[in-house]
Amino acid sequence: MIKELTCINCPLGCSLRAEVEIVDGNPVVTSVTGNTCPRGEAYAKKELTHPTRIITSTVRVHGGRLAAVPVKTASDIPKEKIFDVMEVLRGIDVNAPVHLGDVVVENVAGTGVAIVATRTVE
Amino acid sequence: MKTSVVIVGGGPAGLAAAVSCYDAGVKDILILERDNCLGGILNQCIHNGFGLHTFKEELTGPEYAARYVAMAAEREIPYKLNTMVLNIEPQADGTKLVTAVNTEGLMEITAEAVVLAMGCRERPRGALNIPGFRPAGIYSAGTAQRFVNIDGVMPGKRVVILGSGDIGLIMARRMTLEGAKVLAVAELMPYSGGLKRNIVQCLNDYDIPLKLSTTVTKIHGQKHLTGVTLQKVDERRRPIPGTEEYYDCDTLLLSCGLLPENELSSQAGVQLSPVTSGPVVTSSLETSVPGVFACGNVLHVHDLVDYVSAEASTAGKHAAEYVCNPDHTEARKLRLRTEGGARYTVPVYAEPEKMEPQLKVYFRVGDVYKNAVLTVSALLPDGERKELSRKKKNVMAPGEMEQVFLKKDDLLPLPAGSEIIVKVEGNA
Amino acid sequence: MQYDVIVIGGGVIGCSIARELSRYAGKIALFEREEDVCEGTSKANSGIVHGGYDAAPGTWKAKMNVAGSKMMAALAKELDIDYKQNGSVVVAFSEDGIPHLKELLAQGVANGVEGLEILYGEDCQKLIPNLSDDVVALLNVPSGGIVCPFSLTYAMADNAAVNGVEFCFETEVTGIEKAEEGYVIATNRGTFTTRAVVNAAGVYSDVFHNMVSEKKIHITPRRGQYCLMDKVVGGLVKQTIFQLPTKLGKGVLVTPTAHGNLMIGPNAENLEDKEAVFTTAEGLEDIIRRASLSVKSLPTRQIITSFAGLRAHGDQHDFVLGEPEDAPYFFDAAAIESPGLSSAPAIGVYIAELAAEKLELAKKENFVAERHIAKAFHQMTSEERKAAIAENPAYGNIICRCETVTEAEIVDAIHRPVGAKSLDGIKRRTRTGMGRCQAGFCTPKVTEILRRELGLDYEEITKTGKGSEILDHRNKEVAGK
């Protein structure tokens, strides 16, 4: 089975063609073409088997110069967990100061990935 | 007050220019920033995707800004916040008088060189002339982004976005994650104005429909937006009767393009390009006013901050050279022109004697071109054409900034009066 | 609560009458259904102070226009607002139009307008270099001027408030009944009694008139659409350019505004809906097409906004001023369409004098005629700027970068006698957000200032009063899917 997709790793947005076979009921990517760099191949393999995304958002801050601090998942998380992560963030309040890189939530929504601050709010 | 170089704007362009100017040996620099912190618009761009070129890793906007703020801090480059430049006036002795204001008072700064790094602004609703009422609930995407990401407040719950510029796409995802329902992104053109990867990860991931060749033809709601009418348009971008669709929404975001903010530049006598709305610059990124340089989105709208930083580094370096080298006699200039699908080039002039061994020329195409061929050639004064380079690309689109390189060695032997032609051909 | 006079309507006419009434000792209130004054016809207006050649001699329009425009320069000085006597012209595109120009000239002379002359051929383009080459003759009206309709209305309201007029906003009149003495006025905020009523309700003035009088009037909301262009093209023409009315309808104008933008419009569409203040694609196309006839090249790429207003056109084609025979102590200032803005100062005096005489109100000794606001930063010299910032550092904080408006001016606008409470209120008082970015950058900043100065929450900040809240909820208050 041929799948066509757009690589989201960088602004080039390469158009990829991936060949997918079903092995023991699971999709396996056997070849990828159209990519300009190795990340394209890695992306296609991941996207067609267990897609992931980095999530960015904000978290309420108390006592800081800003009302919210921007945060991100320290690495990519399974796509289907996106709204679970957002639901956890809804319940989070932090107190200033928060520093860039501070862990705001550990192991968010059972993903094993931390939420970290991406800006310093004093 | 006197300083060697004044940098107008402390966003990504201004910071990178300051750092490279310092590293090129001119340490007497002053950054003037109108907001209450350095970093510019990156502070509200909390999404990831920045820095792959510059830092070889994927950062969010605030993280990218923090890297440059740290570089400026390491060099102890002075800056003033909440400071608005009101006027830049070239003086008879070649210096520039920069007038700026903040709560401490009115400042007059005499600078040898000025780097323009004011960025751009969004095209407002009025410029689109959408008929209807003028209710609350209509924002440019960037204004909404500021409210949501800095102030932590949401403009509404049901959203339609007009224009598929990157900020609009990013905001479609952002507001969806915050619990809003984004009903559709409408795009007047038959192609998206944003990056392909943003279509995938901001729209497709959340099943948000992208409606091409579609526009908003009516605004409903007298006090507050209650809905919009979307309508298909024909090849001439005229609404097609009978294709009206009503969308019940409380928020309309506009992401219909960015305009370089050059009121200061034009007051200072800087010549602007009617295509980019930014200054006409040489390969040193020097404007028509000697000693005034421009970089970043004030020069032309970029798609990637990494390119802004690279361009600004060039501008900062040349500003330093201008200060260090008292000989300001004009260098030989070769004009760059476009043919076919290319709409403009930055820079507009190459100075072979002054340029680096390799010059990066940025340009955009005016339409989507498939199986595109990009050629660069020299048009000699006698009419002869000499091809300098040729490159094939599968697709070229207006939403993406393109680049091509010119070699100093190719340009040096060209006789005065030669022109460089950047040409794109392909199936539109 | 017993009032001497209740003025219904806070447009330029109601505010002018309120200000003139405040010269007299009496209990006076102005009822306005919106959250601010200048929210109806007065805010969507050409801002032209007409010479007065246009109305038939003997009409209220002619009388009030000529008297009003003669008052304007002094009034602008007294109230600290911008007024420019930029002159206006009426252009003819063919020889056929010349007799019509002559008629207007004769009419103007009969009305007492000074300085009128007709120019022919190249003299037209000599007067206005960017005038279309198709113009063959024009009527030059040097007494024509431009004024900012918002500033004029706000100034008269502020001054009326300082002199004791009570401004009641979000107060919508729902009924008027004759009482033994005076009237009982029912509103959404309760019932009020008053000895006299002034009806300055714009497109609704027929509704209120007809509540008390058997001599019915009818008002047709006549919509006009406009486009406003960037200040960079504000100098395209110095004068206001009118076209001769033709069979196709009244021509549109091209004019600089009092603040240096370029404006085109209005068209004229008779409607029945008194709330139809929306623009249409056809209407905007129409005014652009017709305005293009007047000048060499109309810079439509510089359009920064468009808007529509409703003129209160009376079936009798003239203003309705004074007491109806069957409704003593009820004073109409009804069916005020063009030249209403030019006439406003004179209508104010006329109606106030009528009411004061009837009610036997005495002139106050302590009337304050002058009104001043914080000087606009963009109009200051360098020395003035330095002094202003030294005295009030908020003058050094630029909030609106397109129009160079400072925090000091915005705070001043909020705390004026009739102060701004919303984004639009601040915009119209200070021009914040009226520039080329159309409030893209300054909206969050103005929101913060409004929050601080008025103690409001984000969700209470409005564009223009209740129902126009600009923000919905805090992040994370609503769950994702």
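In what follows, every chain begins at residue 1, and chains take the letters A, B, ... in the order their sequences are listed.
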* Looking only at heavy atoms, which of residues 460-470 of chain C get nearer than 4.5 Å to chain B? ->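 Answer by number: C/K463, C/T464, C/G465, C/K466, C/G467, C/S468, C/E469, C/I470.
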* Residues in residues 374-387 of chain C that sit under 4.5 Å from chain B, counting heavy atoms only -> C/F377, C/S382, C/R385, C/K386
So for atom [atom1], which belongs to [X], do other residues, nucleotides or ligands contribute more than 12 heavy atoms lying within a distance under 6.0 Å?
| X | atom1 | value |
| --- | --- | --- |
| B/R237 | CZ | no |
| C/R451 | CZ | yes |
| C/E391 | CD | no |

* **Toward chain C, the part of B/E104 with a non-hydrogen atom under 4.5 Å** =>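 Only the backbone of B/E104 comes within 4.5 Å of chain C.
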* To do: Check each atom of B/R121 against the heavy atoms of chain C and say whether the ones under 4.5 Å are side chain, backbone, both or neither.
  => both
* For the side chain of B/E178 and the backbone of C/K476, is there at least one donor-acceptor N/O pair under 3.5 Å apart? -> yes
* Could you tell me whether a side-chain N or O of B/T103 sits under 3.5 Å from a main-chain N or O of C/A394, the two making a donor and an acceptor? => no
Select one option (side chain, backbone, both, neither) describing which atoms of [X] are under 4.5 Å from chain B's heavy atoms.
| X | answer |
| --- | --- |
| C/I399 | neither |
| C/T447 | side chain |
| C/A281 | both |
| C/E34 | side chain |

Could you tell me whether the side chain of [Y] reaches within less than 4.5 Å of the side chain of [X], counting heavy atoms only?
| X | Y | answer |
| --- | --- | --- |
| B/F147 | C/P444 | yes |
| B/L86 | C/I398 | yes |
| C/N397 | B/M84 | no |
| B/V153 | C/H473 | no |
| C/D472 | B/P155 | no |

* To do: Kindly give the heavy-atom pair with the smallest separation between B/F133 and C/E275, and that separation in Å.
  => CE2-O, 3.4 Å
* Minimum heavy-atom distance between C/G440 and B/S140, given as atom pair plus value -> CA-OG, 4.3 Å
* **Members of residues 215-229 of chain B whose heavy atoms come closer than 4.5 Å to chain C** =>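 Under the 4.5 Å heavy-atom cut-off, B/K218, B/Q222, B/K223, B/H224 qualify.
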* To do: Check step by step if side-chain contact (heavy atoms from CB on, under 4.5 Å) holds for B/M154 and C/N475.
  => CA-CA 6 Å; B/M154 287 277 284; C/N475 287 7; 3.4 Å; yes
Can you tell me how far the [atom1] atom of [X] sits from the [atom2] atom of [Y], to the nearest 0.5 Å?
| X | Y | atom1 | atom2 | answer |
| --- | --- | --- | --- | --- |
| C/T279 | B/I130 | OG1 | CD1 | 9.5 Å |
| B/I41 | C/F441 | CD1 | CZ | 6.0 Å |
| C/D230 | B/E263 | CG | CD | 7.0 Å |

* Asked: Does C/R436 come within less than 4.0 Å of B/E122, counting only side-chain N to carboxylate O?
  -> no
* **Residues forming a salt bridge (Lys or Arg N to Asp or Glu O under 4.0 Å) with C/R401, sequence neighbours excluded** => B/E261
* Might you work through the side-chain contact (heavy atoms from CB on, under 4.5 Å) test for C/E448 and B/D151, ending with a clear yes or no? => CA-CA 10 Å; C/E448 286 307 321; B/D151 298 324; 4.2 Å; yes
* **Heavy-atom pair count under 4.5 Å with chain C, highest-scoring of B/D250, B/T83, B/I150, B/L106** => B/L106
* To do: Give the member of B/P135, B/A136, B/S266, B/P131 that has the highest number of heavy-atom pairs under 4.5 Å with chain C.
  =>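 It is B/P131.
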* Structure fact -> Residue from C/Q302, C/E459, C/E285, C/E477 scoring the most non-hydrogen pairs under 4.5 Å with chain B is C/E285
